[in-house]
Amino acid sequence: MSYDVQGIEKKWQEMWQNNPPAKTKPTGSGKKYYVLDMFPYPSGSGLHVGHWRGYVLSDVYARIKWLEGYNVLHPMGWDAFGLPAENDAIKKGIHPKIGTASNIANFKKQLQAIAAIYDWDKEVNTTDAHYYKWTQWIFLQMYNAGLAYESNMPINWCTSCLTGLANEEVVNGACDRCGTQVEQRNIRQWVLRITDYAEKLLTGLDKLDWPEKVKLMQQHWIGKSEGANIIFKTKTFDGAELDLPVFTTCAETLCGVTFLAIAPDHDVIRRIVPEDRRTEVDGFCGRVKQRITDKQEALKEKEGVFSGAYATNPVTNVQVPIYVTDYVLKNYGTGIVMGVPAHDQRDFDFAAHYGLPVVQVIDAPEVVRGNDGKLTAAYTGDGVLINSGQFDGLSAFENGNKAIVDFLLSKGLAESKVHYKLRDWVFSRQRYWGEPIPLVHCKTCGVVPVPENQLPVELPDVESYQPTGTGESPLAAIDWWVNTPCPQCSGPAKRETNTMPQWAGSCWYFLRYPNPHLADKPWTPQDMNYWLPVDLYVGGIEHAILHLLYARFYVKVLYDLGHVPFDEPFTHLFNQGMVLKYSEKSGLVEKMSKSKGNVVNPDDMVEQYGSDVLRLYMLFMGPPELDCEWQDNGLEGVRRFLNRLFDYLSNAMTSESEDEKVTRRLHRFLKEFQARIGNFKPNTAISAFMEWLNEAHAGSMKLNKDSIEKIIASLSVMAPHMASELAQALLGKQLQDCAWPMYDSALAVENELTLAIQVNGKLRGDLIAQRGTVQGDVQAEAEGLIAKWLEGKEVVKVIFVKDRLINFVIK
Ligand code: ANZ
Ligand code: ZN
C-alpha cells in the first residue's frame with residue numbers, strides 16, 4: 001500500500017460530500033455536544049491559513065465527541081452583512097448580494113478542503129431575509145421592553161466610512177475598520193441600553209470557563225468603580241449658591257484637594273465663569289474641542305484654564321480654584337474631578353504645569369521625595385492619613401476612605417455611587433448593507449414598531465450604495481420604500497432608514513443553528529433546552545469585547561424576557577492565536593494580510609501537501625493559544641511523519657497475540673495523547689504520537705487489530721482522510737464505526753523506572769527496573785553495580801523505597 005495523498009483525499013472528500021457521515025441527529029438524541037466556530041465574514045480574498053487554525057482545532061474536539069457517541073452540532077455559516085461588501089458594491093457597482101453570494105461559494109469550497117464535520121444543512125447566512133427576519137424580531141423584543149431608545153447624543157463618526165460607530169468600534173480614537181480618526185457628531189441614533197446589564201454582564205463572568213485575559217478585558221470594559229459623589233459648594237457668576245458634585249473613588253485624599261477640574265464641554269461652565277474670564281475660557285474650550293479629533297495633539301501635555309471661580313472643600317472649608325481641563329471627560333462620573341496632585345499622577349502633572357500646590361495626605365515609608373523634600377511624583381499607594389485634621393492617623397484605604405465618606409454623608413454632602421465605564425450601545429448605522437431597523441415614524445403616533453407579521457422588513461435594491469454623509473443612510477433616497485402606511489393609524493408614515501450594525505446578526509446566530517429553517521419562530525424551546533449553551537466556542541481574541549460582550553448581552557435580555565432558558569451563551573471559550581509570517585515588504589514577522597504580501601493560501605498548501613498535512617501542521621505549529629510563525633519546512637516534517645505512519649501501520653498488523661510490552665506502550669501513548677488534547681495542547685499530543693511511532697518502528701512492534709483501530713481513531717481527529725483510508729484497508733471499517741479509544745490506566749503506567757542507588761544518602765549510581773520490583777532483586781543488582789563503594793565496608797542497614805531508591809548505610 002502506498003500513501004497516494006491526492007488520490008486518497010479526493011476519494012474521501014467525494015464520499016463525504018455525497019454521504020456526510022457526521023450529520024447532526026435530531027434534538028434530544030442522546031448526549032449532545034455543541035462546538036462552535038466564530039462564523040466568518042465572507043471576504044473577497046477568501047480563507048487564509050490563519051482561518052484554518054481555529055477551524056481545525058474545533059474540528060478535533062467535534063470529532064472526538066462524535067467518536068465518543070455524542071450528538072454533535074458543529075455548524076458553519078456566514079456573517080455576511082457589513083462594510084467591505086458594501087464598499088465593494090460602491091467600487092464595482094455590483095449589488096452586495098451578488099458579491100456576497102460569490103464570496104460565500106468560494107469560502108464554502110475552501111472550507112470543504114478542511115474536512116471538518118460540519119453539517120451543511122445547518123448553514124446560516126445573516127443576510128438571508130429568513131434569517132434577518134428574526135434579527136429584526138429580537139430588536140423589536142428589545143424595543144418593546146424599553147431597551148432601545150432614540151437619541152441625539154454626540155456619537156463617534158467616521159469621516160471615511162461615513163457612519164456612526166459604537167464605542168467598542170473605536171480604538172485609540174480611530175475607526176476600528178479603516179483607521180481614520182473619529183469625530184464626535186450629533187446624529188439621531190438608535191441606542192441599546194446595555195448599561196442596564198452592566199452588573200449582570202460583570203457578575204456573569206464568574207461562572208464562565210473562559211480565558212482569564214478575556215474576562216479581564218470585559219471586566220475592564222464594563223469598568224465598575226465604587227466611590228462617592230461629593231459636593232463642593234461654589235457660587236455662580238451672579239452670586240447664587242451652586243453645588244458641584246465630583247465623583248471620586250479616593251475620598252481618603254479629600255484634604256489633599258488643591259483644585260477642581262471640569263470637562264471643557266460641561267454645561268456648568270457657563271454658570272460659574274465670571275464675565276472677565278469668558279473670552280479666555282471660551283477660547284480654550286473651542287480649541288480643545290477641535291483637538292479631540294487629532295490623536296497626536298491629545299497625547300500632549302494636559303492643559304487647562306482657570307475658570308475664575310472657587311469651590312469649598314467640604315471637609316477643610318478651604319477654597320480651591322476651579323479649572324477647565326482637557327483631561328476630564330464629560331460623560332464619566334459627574335464630569336467634574338477633585339484634583340489631588342500628591343496622589344494622582346494626572347493631577348500632579350497638571351499642578352506642576354500651573355503652579356498649583358501639592359498637599360500630601362497619605363504617608364508611607366515608600367514615599368519618594370526629592371532633595372528639596374518634595375514629592376517627585378504622585379504617591380498612589382496606601383499609608384496613614386496626614387494633614388487631614390480629625391482623620392490623621394487612620395489607615396488610608398481601609399478606614400480613612402469610609403470615615404471621610406461617612407462624615408460627609410452625615411452632613412448631606414456625599415452620596416455613595418457606583419459608576420460603570422460601559423456606555424449604551426449605539427446601534428444604528430447610516431449605511432445600506434445591514435438589517436433595516438423595523439420601525440416606522442408617524443407624525444400622529446410617533447415611533448411605531450413594524451408588526452411581527454410584517455417582518456422581515458426587506459432591504460430594497462438601490463441604485464446608489466454611496467453613503468450620503470449627511471447622517472442618513474442611502475435607504476432614505478428610496479421614496480417607494482421609505483413611505484409606508486403607519487401600522488397603527490394607517491396614515492402616511494416613513495420607515496426608519498438606519499440599518500443595524502454587523503454585530504446584530506452575530507449576537508444570536510448560535511441560537512439559530514439547531515433549527516435554521518424554522519419558519520414561524522426563531523427557535524424552539526426544545527432546541528434551546530437541549531443544545532444550548534454552546535459547549536465549546538473557538539475564535540480569535542480580537543472579539544474579546546465586541547462580539548463576545550454583545551452576544552452575552554443579547555442572551556441575558558432574551559433570558560429576562562423569557563425567550564431562552566439560560567443566561568450565558570458560551571460555557572467554554574478558547575481563543576486561538578494568530579498565524580504570523582515573515583513579510584518581505586516590512587522585514588518583520590507579522591499577522592498575515594494581503595497588504596503585507598505575506599498571506600499563505602491554504603488551497604495551494606492542500607494541493608501541494610494535502611489537507612491532512614496542513615491540518616496536522618496547524619495543530620503542531622505551537623501552543624494553539626499563542627501566535628505562531630508559519631514555516632514552510634514545518635509542513636515537510638509533518639508530511640514525513642504521516643508517510644512513516646502510513647507505511648508502518650500498513651505492515652504492522654498481526655493476527656497473533658500482541659506482546660505485552662507493545663500493549664503497554666500503546667496505552668501509555670493513548671493516555672498521554674488524550675490528556676494533552678484534553679488540556680488544549682494538540683501540539684504536544686502530536687509529539688506523543690511521533691514518539692510512539694519512533695519506538696514502535698525501532699522495536700518493530702506488531703499490533704493486533706484492536707490496537708490498530710485505537711491508533712487509527714486517534715489519528716482520525718487530526719488527519720481524517722488518511723485515517724479513513726487505513727480504517728477501510730486494514731479494518732474493513734468506516735471511521736464512524738470506530739470508537740474513540742479507551743485506555744487501561746493500569747497498562748498505561750510507565751513500566752520501567754530508574755531507581756537511585758545511594759550510599760549513606762549520596763547518589764552513587766542508578767538502575768532500571770520493572771515497576772514494583774521487590775527489594776531482594778533490586779539489592780542484588782545494585783550491589784553489583786556499586787561494588788567498589790561497598791568493598792571492605794560493613795553494611796549496617798539497607799533502606800529501600802519501592803520504585804524510587806535503595807540506600808546502603810555503611811560504617
Ligand atoms: C480624586 C482622586 C484622588 C482620584 C486620587 C484618583 C486618585 P475609576 O476608578 O477609573 O472610576 N475621575 C472621575 N471622573 C472623571 C472624569 N469624568 N474624567 C476623568 N477622570 C475622572 O477612576 C475614578 C477616578 O477618576 C476618580 O477618583 C477621579 O479622580 C477620576 F489620588 O478623585 B479621583
Ligand atoms: Zn400613525
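Remember, it's 1-based here, ligands and their atoms both numbered in the order they're listed.
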Considering only protein heavy atoms, which is closest to [atom], and at what distance to one decimal place?
| atom | answer |
| --- | --- |
| atom 26 (C) of ligand 1 | F247 O, 3.7 Å |
| atom 6 (C) of ligand 1 | D344 OD2, 3.3 Å |
| atom 15 (C) of ligand 1 | V337 CG2, 3.3 Å |
| atom 18 (N) of ligand 1 | L329 N, 3.0 Å |

If you count the atoms of ligand 1 from 1 in the order shown, which ones are under 4.0 Å from a heavy atom of [X]?
| X | result |
| --- | --- |
| K421 | 8 (P), 10 (O), 11 (O) |
| V328 | 16 (C), 17 (N), 18 (N), 19 (C) |
| V340 | 3 (C) |
| Y327 | 19 (C) |

Next on the checklist: Measuring only between side-chain heavy atoms, which start at C-beta, is L413 closer than 4.5 Å to K233?
Outcome noted: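 They are in contact (side-chain heavy atoms under 4.5 Å apart), so the answer is yes.
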Self-check item: Proximity of T248 to ligand 1 by residue part, where a heavy atom lies under 4.0 Å
Solution: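 Looking at T248 and ligand 1, atoms from backbone and side chain both fall under 4.0 Å.
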Which bit of T249 is near ligand 1, meaning a heavy atom under 4.0 Å away: side chain, backbone, both or neither?
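Both backbone and side chain.
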Exercise for the section: Check the side chains of Y420 and E199 for a donor-acceptor pair under 3.5 angstrom, ignoring hydrogens and angles. Expected result: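 Yes, a side-chain donor-acceptor pair sits under 3.5 Å.
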Measuring from non-hydrogen atoms of H419 to any atom of ligand 1, is the shortest distance under 4.0 Å?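 The answer is no, since H419 has no heavy atom less than 4.0 Å from ligand 1.
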*Non-hydrogen atoms of K330 versus ligand 1: any pair closer than 4.0 Å?*
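Flag not set, K330 not near ligand 1.
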- Item | ligand 1 to S225 polar contact by distance, N or O atoms, under 3.5 Å |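 Min N/O separation from ligand 1 is below 3.5 Å for S225.
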inquiry  = Heavy atom to atom 5 (C) of ligand 1, shortest distance: which of R346, H266, H343 holds it?
reply    =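 Closest candidate by heavy-atom distance is H343.
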So among V367, D344, D363, which one has a side chain to side chain contact (heavy atoms under 4.5 Å, CB included) with Y379?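 Only one option passes, and that is V367.
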* So Y554 and F427, would you call those rings parallel, tilted or perpendicular, with 30° and 60° as cut-offs? ->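 Y554 vs F427 ring planes: tilted.
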If you compare all heavy atoms of T316 against all heavy atoms of C255, which two are closest, and at what distance to 0.1 Å?
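Distance-wise, the nearest heavy atoms are CG2-SG, 3.8 Å.
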Exercise for review: Please indicate whether Y143 has more than 12 foreign heavy atoms, meaning atoms of other residues, nucleotides or ligands, lying under 6.0 Å from its OH.
Suggested key: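 Yes, because the 6.0 Å sphere around OH of Y143 holds more than 12 heavy atoms from other groups.
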key: Heavy-atom neighbours of E590 CD exceed 12 at 6.0 Å   =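 Enclosed: over 12 neighbouring heavy atoms sit under 6.0 Å from CD of E590.
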Under 3.5 Å: donor-acceptor pair, side chain of D326, backbone of P264: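 No, because the side chain of D326 does not come within donor-acceptor range (under 3.5 Å) of the backbone of P264.
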